[in-house]
Amino acid sequence: MHTISIPIPTEPFDFRATVTDHGWYLLAPWRWRPDDATLERVERLPSGRVVLLHIWQDGETLKLGCAESLDAAEWDYAQTSIRRSLRIDQDFAPFYQMAQNAADQALWQVVKHGRGRLMRTPTLFEDVIKMICTTNITWSQTEQMSARICENLGSPYPADPTRKAFPMPHQVAEASEETFTDKVRLGYRNASVQHLGREIVTGNYNLEELNQSPLRGEALRKELQKLKGVGPYAAASVAGLLGDYTYLPVDSAFREHVRNKYFDGDKTVPDAKMMSIYEGWAEWKQLAYWFDRDR
DNA sequence: GTCCAGGTCGCGC
DNA sequence: GCGCGACATGGA
């Protein structure tokens, strides 16, 4: 195995929590090995070459390993992909500071050893598609849909062709309607996912550009809601993946948590009242909610 | 069979 | 702006 080291952030950092605190690690092409706390991912490099990446923590550094021999540009691409996924370059100090200074110390007690850095994927494209696949569906179906997207649209890993990479936009765009209907089976989400792939391929929409966008808050959410299949819940969630936690993803899980924890299970409480629970967390509301469920 | 899941969209008002 | 039904899929 060839490896390189990735310095970990100076703030508290918890690799295992970073991987497992968000459900994305359960979705193909990620694979998590709990026994040795190693994350795997089949990745398609820009050249079209498909490799298997391994990520684990070794003391004060993260290790990125690859069974295949990579050249400098390939290592660079692999490292960039993993840095985005693990949010290595995002600054969580303000969040920790706010939690530490809060009158209620409960959240700080949950996150103080380095939690909060919820895992995403190498591309916004993959994150948005997966988010669309969490809407109006159960989590187990989200897992199955992610698996079918890779299996039927992604490029195979030569050393183990049963494992596939997440498809590139052109692979999504070029798949036939029959492939989606008969194999990928995302239900009515088929149209949204294929539309996203096509808009990117034609250049009508430069999605990854949003990774560097200064847009925040309402402006960012409005931009994300322009995407087909992305409404208030998905836009708030994707904004969180982009590092903007201003908006709460109000869905059935949010309502159930807030209702049970703060309103004695009362099903008549309006959304606005539920959302007000996290009002004090300003631009960190979504993280405050996420870890509020974890006490 | 029926309901509904980490919703979104298009319609009519 | 708000309420309402349709929507693919598959598990409970």
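None of the values given here were measured: they were computed from a predicted structure. Order of the sequence lines sets the chain letters (A, B, ...), proteins ahead of strands, with each chain counted from 1.
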What orientation do A/H257 and A/Y278 show, parallel under 30°, tilted 30 to 60°, or perpendicular over 60°? parallel

Do the rings of A/Y289 and A/F254 sit parallel, tilted or perpendicular, given the 30° and 60° boundaries? perpendicular

Length of the [atom1]-[atom2] vector between [X] and [N], whole Å:
{"X": "A/R148", "N": "C/dT9", "atom1": "CZ", "atom2": "C1'", "result": "8 Å"}
{"X": "A/E177", "N": "C/dA8", "atom1": "CD", "atom2": "C1'", "result": "13 Å"}
{"X": "A/M145", "N": "C/dG11", "atom1": "CE", "atom2": "P", "result": "11 Å"}
{"X": "A/Q144", "N": "C/dA12", "atom1": "CD", "atom2": "C1'", "result": "14 Å"}

Judged by modelled atom types alone, do [X] and [Y] share a side-chain donor-acceptor pair under 3.5 Å?
{"X": "A/K63", "Y": "A/S5", "value": "yes"}
{"X": "A/D127", "Y": "A/W24", "value": "yes"}
{"X": "A/E143", "Y": "A/W139", "value": "yes"}

Scan [X] against the nucleic acid and name what it touches under 4.0 Å (heavy atoms): base, sugar-phosphate only, or nothing.
{"X": "A/L227", "value": "sugar-phosphate"}
{"X": "A/S237", "value": "nothing"}
{"X": "A/R189", "value": "base"}
{"X": "A/P232", "value": "sugar-phosphate"}
{"X": "A/V230", "value": "sugar-phosphate"}
{"X": "A/Y289", "value": "base"}

Would you please name every residue forming a side-chain hydrogen bond (donor to acceptor under 3.5 Å, both in side chains) with A/R163, sequence neighbours left out? A/E40

With rounding to the closest Å, how many angstrom separate the [atom1] atoms on [N] and [M]?
{"N": "B/dT8", "M": "C/dG11", "atom1": "P", "answer": "23 Å"}
{"N": "B/dC9", "M": "C/dG10", "atom1": "C1'", "answer": "22 Å"}
{"N": "B/dG6", "M": "C/dC7", "atom1": "P", "answer": "22 Å"}

Test salt bridge (Lys or Arg N to Asp or Glu O under 4.0 Å) on A/R117 and A/E11 and set out the steps. CA-CA 11 Å; A/R117 205 176 282 276; A/E11 310 146 9; 2.6 Å; yes

Anything under 4.0 Å to a heavy atom of chain A counts; send over the first and last such nucleotide of DNA chain B, read 5' to 3'. B/dA5 to B/dC9

Of the options C/dC7, C/dG10, C/dG11, whose atoms approach the side-chain atoms of A/S140 most closely? C/dG11

